[in-house]
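Nothing fancy with the numbering, it's 1 onward along the sequence. The figures here come from the full heavy-atom set of this structure, side chains too, leaving out hydrogens, waters and symmetry mates. Every value quoted in this text rests on a predicted model; they were computed, and no experiment measured them.
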Amino acid sequence: MRHAFPEYAQVDRRLRDLRDHGWEIETRLTRVSLKQDELFFARAGEPIWDPATRAARVARRGPSARIRRIVLERDGHACVRCGLRAGSTRLGLAYVVPISHGGTDSPDNLITLCPNCNAGRTAQPPGEEEVWLRMQSLSPGEQSRLLAWMTLDRRPVSAVEEVWQLYRAAPASQKNTLKELLAHAVSARDEGDESL
């Protein structure tokens, strides 16, 4: 991919753009056998390098600012998959049905996603039967939690998940320091528990 897009420093960002054009590129979120920096090419979509396809893409600028505001407000300014809120990451809009498959820029066809969840998307949404089978495989407690999320139409983020996202967004130079600080705090707490 780096040879195909030499002018782009972040090829993975270009790959994510392909999803809206019917390309299926999986990450370790959808294919657990992949390593963190690996991607799996599943299916080609529109030939976006074709001049006619490119011209059509330039003509379609995406959802208007008004539509974007409506979708963000509807989704509570949070990722609909993981619940991460705006502020800890930059949220974006994603198509439920890609434009290449007849989708539109209407609010009903747009959802709010964080970069991590958007990277794990596939162009084809799962079928109803597949989702129902997965729901049935959950424990009763997990089914109850899922139903609560469905009722809210979002997944609330726990405090530990919010801190995890903040940690993930921290510069690499700070991550080791933060990890060491937490390791010392946990160790000190555990040593205090043993003496009781």
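Residues Leu39 and Ile25 share a closest heavy-atom pair of CB-CG2, 4.0 Å. Minimum interatomic distance between Arg90 and Pro115 (heavy atoms only, all atoms of both residues): O-CD, 3.3 Å.
In this structure, the side chains of Arg68 and Asp105 stay at 4.5 Å or more apart for every pair of heavy atoms. Side-chain contact between Leu110 and Pro63: present, with at least one pair of heavy atoms (C-beta onward) separated by less than 4.5 Å. Looking at Leu93 and Ile111, their side chains never come closer than 4.5 Å, going by heavy atoms from C-beta outward.
One finds the CZ atom of Arg74 at 7.0 Å from the CG atom of Asp108 (value rounded to the nearest 0.5 Å). From Met135, atom CE reaches atom CD of Glu130 across 11.0 Å, with rounding to the nearest 0.5 Å. The structure places CZ of Phe41 at 11.0 Å from CD of Glu26, a figure rounded to the nearest 0.5 Å.
Under a hydrophobic clustering in which Ile, Leu, Val, Met, Phe, Trp and Tyr are joined whenever their side-chain heavy atoms come within less than 4.5 Å, directly or via other members, Trp164 and Leu178 fall into the same cluster. Hydrophobic clustering places Leu138 together with Trp132 (ILVMFWY residues linked when any side-chain heavy atoms are closer than 4.5 Å, directly or through intermediates). Residues Leu182 and Tyr167 do not share a hydrophobic cluster, clusters being chains of Ile/Leu/Val/Met/Phe/Trp/Tyr side chains in contact below 4.5 Å. Cluster annotation: Phe40 and Trp23 are assigned to distinct hydrophobic clusters (Ile/Leu/Val/Met/Phe/Trp/Tyr, side-chain heavy-atom contacts under 4.5 Å, transitive). Placement of Met150 and Val96 in two distinct hydrophobic clusters is found when ILVMFWY residues are connected by side-chain heavy-atom separations under 4.5 Å, directly or transitively.
Residue-environment remark: NZ (Lys175) exceeds the threshold of 12 foreign heavy atoms within 6.0 Å. More than 12 heavy atoms of other residues, nucleotides or ligands sit less than 6.0 Å from atom CD of Gln136.
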_Would Leu146 and Glu142 count as a side chain to side chain contact (heavy atoms under 4.5 Å, CB included) here? Give the steps._
CA-CA 6 Å; Leu146 179 61; Glu142 290 169 328; over 6 Å; no
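Distance alone, capped at 3.5 Å, places no donor-acceptor pair between the Asn118 side chain and the Leu113 backbone.
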